[in-house]
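If you're wondering where the values come from, they're calculated on a predicted model, not measured in any experiment.
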Amino acid sequence: MEMTGSVEADSPEREHAGAAGAVLVPKLPKVEFSLACRELAAPARERKPNAVVQIAITNTQEQSLTAYSCTEIVETHLFRFTAAFETNSGTRDPLFLTGVTFPPEYPICEETRVKLTVYDVKDKSQETRSFLGYTTFSVGDLLKSKEQQLTLSLRTSDGTDTVGAVVVSRLKMGEIEDGEVDHIAADARGQKCTLVCESLHGTSNDKDGNPLMNAVFKNPVCKVYRFQTVDCKWMLVREQMAECTLSFNIPKQLITLYIQEDMRRIQELKDLGELSPHWDNLRKEVIAHYGQVISSYQETLTELNKLTGSSFKPSCSKSEKYLEFIPINLHTQRMQVTCPKKTDACYDVVTVGAPAAHFQGFKNGGLQRLLSRFESEKKNFSTAYQCIYYSPENTAKAKEVLSSIGQLQPLISSLADQLMQAAQQHSPDLLKGALKTLSDKTEQFVHALKDELVKNALLALHTARPGYVTKSQPGVCNNVDGKEARPKEDGPAPLKRQDSIPHHSEYDEEEWDRVWANVAKSLNCIIAMVDRLQEHENNNQEPASDQTLADVITSHSPGDWQEQIYPLVVTLKDCVTEVVDRATKSMTFVLLQEAACSIPQGLFLKQRRDIVFSQALAALACGFVMRLYAGVKDKGFLQQLHLVGLIAQFESLLSTYSEEIGMLEDMEVGISDLQRVTFKITEAKSDDPGDLQPVVSGRREHYTVEVPLPHDVFEALPEEIKEGKLLQVYPVLFNVGINQQQTLAERFGDISSQERINQKNFEILDGYYKSLSDKVPLQYLPCFQTQTDLKELLETLGQNIVTKKRKNVEILWLAGTICRRLNGIRFTSCKSAKDRTSMSVTLEQCALLRDEHELNKDYFVRALDCMRREGCRIENVQKNIKCRKYAFNMLQLMAFPKFYRPPEGTYGKVDT
């Protein structure tokens, strides 16, 4: 979770942020109120009630009663630890920390009636409770009351007896004038304790029209609490959890791109032309497997397009095939905090099930193990298929070359046309600018092909043509390593043949060098011509012009400039086309051999990697959009964004035992693959939700996610971002298992994978911090109450990672703290982002309240229990499995670290 946009409540900056950024934050709830009881009747002489209030809503049209929410249980023993409210009446006067909130979308009006029913809970674990009394009121009664507070009598079921009272107090966040406060006072050892609810975002947030948040984040669930600070004041805390349209939107776009890329690959294989029978048969086999993958992806996409309604995949559907590309239980969660005389703050986190291929299962491990095993066995496959073995670096290079030339060829053609237009307009400045851009991209194109792999692959392709007679032993496993032959500084080096690569006496080794060099030569001809044209233009502008160039350029009319340059531009385009044709075929042949010698395992692994990456990218895009919306008015954040990029810190609670180690191995590769993703901010066509959805483009080697913003918001961005600069994200993963399976792994199994992951990602995080320190003033980073130096936090994290300590959750706490301090994006995951994730998120929220907002230490456990019992996370459990129980049992919880255990009565054996 990160702190976003915190400014003083009465500062000018605060007022501007509220006015300008109204579309960037969720609309405030319609009505919020807190509850307290007075003089509750004791159910028995020897025992005072453990009170809880059930809130229900009466539908004014249908006159039906709907259960809406519930407070936490206030127990007798809690009052012994809450000195501020320790009275002789015990819990006959319970004050509830969990309030009631109605989000903007909820259908209530002044006539809506609210029923409050008070129960005495005898046994939380068995959920046994007895009725004490009830009361009702209308929303209009509360809004029109003088102090916006109602004191209502509690009556028995027959309405005859009074058994106490309920105090309903409206929380007026966003509407209170300066100096005005809402308060509930309770006698506490002779002093008063006041509930202060100052404006969180200013009245502008109540305005209608919230295109960004409404476009991407759906179905919000809101909860509100009040907690006491160390100085006996009150803070107001709101949780908001929402689904994200990107859960399905991003995977559907990715599947479409996967299909298009594989169809292009099939066409490239066909375009290789005639091959010898051996290679032609391998090509047919590879094309057939690509066809199967495409058919499977098309079927999945068809099924996904049929789905409407919910924007998330519940945990109980994690093993369904047609949903395997969709992230599990992806939600955003925001905690907003308002404290008296302190800055307001927001803390965001994205919760998602670990990106993993659940449908395919984990019998043989996850991607990290499967890929490692596959690479070690691939040399044997290449021998069996009589293929050349290419290392992973070489196949990655082949894909990179194909991607580069695929992007650069149309760009060079377009820039060449712009050069022609500048020549037609007879504009020296436009001509100079167009030529510089064309030169830069052409040099980039030439550099992309300056690799011995291309030359070696062209020779290998030549030997695979029909009628070729090898002069060396056939059927040998050939090993090509692009690092063995490096070009010299002054030009390409001679090809270093290996004995295993057959040499054809008719093959002209220098032909590729000539074709490749012709691109640079044709560009140089254009540069020379433009220089001559501009020199002639300058000479014509002098009083006594020198006409010695008249025999070269007889006229300076607009038409002649274009005529002079046109044939040279055509030559450049032709040279580029010829190079692209040869390079595409050679790299396609490399990938044909890689695919042929890895059927079917290689394509199976590619599918698994596609699935895991799809889930990871959907989560990352969700987090990036949420972070961008929160920081779009923060100049320091925007500078950090385009100069360095953002850290994306994934916290995982998976164990390194049984199936979960396979999930972790999938997740490790999926998160690492996010390094291939960049983001780009664009201007939206309109404020329509469809035009504000992020768009994915690219191929498997590199994807770009374009995030549209409304015109007014886009115009306020730095020029570098508006000009389309690609924005980097640095994903890091830290894992600490906390359940009973991790206990087994630590005692009898192997936790080396967890140690390796944490160490590797710590190095990435440390490198990011050093890069950030060099490029961005650290005062641009958010300010926190805890002033521990970032460098010191990193050193402590590094020490914890190398320390042998069981279930060292401090690694997760430190990594999360560092991420927030670095303006990063926070993610929390377990198998389904439902149970362990809920424990972690609520613990982190309460730790932030304690460390940053001075939560009273006596309220820490109560706050934790409130959030876990009646907060957004138990609603998340309900959404996933239709049951308000965390999937733990007592035996399992004995293995959990202390603060990761839910309150009694909130867990049990359930079907997940």
Side-chain angles (χ1 to χ4, degrees), residues 32-55 69-100 114-122 124 129-137 142 145 147-156 161-171 181-197 224-229 232-237 855-856 858-863 865-866 869-870 903:
E32 291 180 318
F33 57 84
S34 61
L35 296 170
C37 291
R38 293 178 181 171
E39 297 297 325
L40 287 180
R45 181 176 298 179
E46 71 280 0
R47 192 178 68 83
K48 296 182 177 67
N50 295 325
V52 64
V53 181
Q54 182 77 47
I55 299 93
S69 67
C70 189
T71 67
E72 81 279 11
I73 303 167
V74 179
E75 300 177 81
T76 305
H77 71 84
L78 290 175
F79 276 68
R80 289 195 291 269
F81 299 107
T82 312
F85 293 96
E86 187 174 2
T87 66
N88 294 330
S89 59
T91 50
R92 292 186 63 192
D93 298 334
L95 186 148
F96 299 96
L97 303 184
T98 306
V100 181
V114 180
K115 180 179 180 180
L116 306 176
T117 307
V118 182
Y119 295 94
D120 170 34
V121 179
K122 298 178 180 179
K124 289 190 297 182
R129 60 186 185 179
S130 60
F131 173 83
L132 288 181
Y134 79 97
T135 188
T136 63
F137 67 95
L142 177 62
S145 61
E147 296 182 354
Q148 297 207 325
Q149 183 180 101
L150 298 174
T151 302
L152 307 168
S153 297
L154 277 173
R155 297 193 175 276
T156 54
D161 297 328
T162 300
V163 291
V166 176
V167 179
V168 183
S169 304
R170 187 186 178 198
L171 308 178
V181 296
D182 231 6
H183 66 88
I184 292 176
D187 288 324
R189 295 183 179 177
Q191 63 180 5
K192 296 259 183 172
C193 189
T194 305
L195 169 63
V196 179
C197 303
V224 65
Y225 315 93
R226 51 183 175 178
F227 301 130
Q228 196 180 65
T229 61
C232 293
K233 299 294 184 182
W234 288 86
M235 72 174 80
L236 194 64
V237 177
L855 174 67
N856 190 309
D858 292 335
Y859 272 74
F860 183 85
V861 174
R862 282 193 69 186
D865 285 356
C866 281
R869 186 181 296 279
E870 299 298 339

Heavy-atom closest contact ([X] atom, [Y] atom, distance):
X    : Y    : result
C37  : F96  : SG-CE1, 3.7 Å
F137 : F33  : CZ-CZ, 4.0 Å
P94  : A51  : CG-CB, 3.8 Å
R226 : L236 : CB-CD1, 4.4 Å
V53  : I55  : O-CD1, 3.6 Å

- Message: Can you confirm whether the side chains of T98 and E72 place a donor and an acceptor under 3.5 Å from each other?
- Response: yes

- Query: Looking just at side-chain N and O atoms, do S169 and Q149 make a donor-acceptor pair shorter than 3.5 Å?
  - Reply: yes

- Query: Which of these passes side chain to side chain contact (heavy atoms under 4.5 Å, CB included) with L132: V52, L154, D120, T156?
  - Reply: D120

Reported [atom1]-to-[atom2] distance for the pair [X] and [Y], which is rounded to 0.5 angstrom:
X    : Y    : atom1 : atom2 : answer
E39  : T162 : CD    : OG1   : 12.5 Å
Y225 : M235 : OH    : CE    : 13.5 Å
S34  : R170 : OG    : CZ    : 12.0 Å
R38  : T151 : CZ    : OG1   : 5.0 Å

- Task: Could you walk me through whether N856 and F227 pass the side chain to side chain contact (heavy atoms under 4.5 Å, CB included) test, one step at a time?
- Result: CA-CA 8 Å; N856 190 309; F227 301 130; over 6 Å; no

- Is it true that a side-chain atom of Q54 and a backbone atom of S69 form a donor plus acceptor pair closer than 3.5 Å? yes

- Query: Quick one: does T229's side chain get under 4.5 Å of W234's, heavy atoms only?
  - Reply: no

- Query: Any side-chain heavy-atom pair from L97 and R862 closer than 4.5 angstrom?
  - Reply: yes

- R129 NZ/CZ over Y119 ring centroid, <6.0 Å and within 45° of normal: yes

- Item | Worked check of side chain to side chain contact (heavy atoms under 4.5 Å, CB included) between V168 and L152 | CA-CA 8 Å; V168 183; L152 307 168; 4.1 Å; yes

- Task: For V163 and L40, run side chain to side chain contact (heavy atoms under 4.5 Å, CB included): C-alpha distance rounded to whole Å, both residues' side-chain angles, the deciding distance at 0.1 Å, then the answer.
- Result: CA-CA 6 Å; V163 291; L40 287 180; 5.9 Å; no

- Task: For S153, enumerate each residue passing the side-chain hydrogen bond (donor to acceptor under 3.5 Å, both in side chains) test, keeping only those at least two apart in sequence or located in another chain.
- Result: none

- Might you work through the side chain to side chain contact (heavy atoms under 4.5 Å, CB included) test for L35 and V166, ending with a clear yes or no? CA-CA 7 Å; L35 296 170; V166 176; 4.0 Å; yes

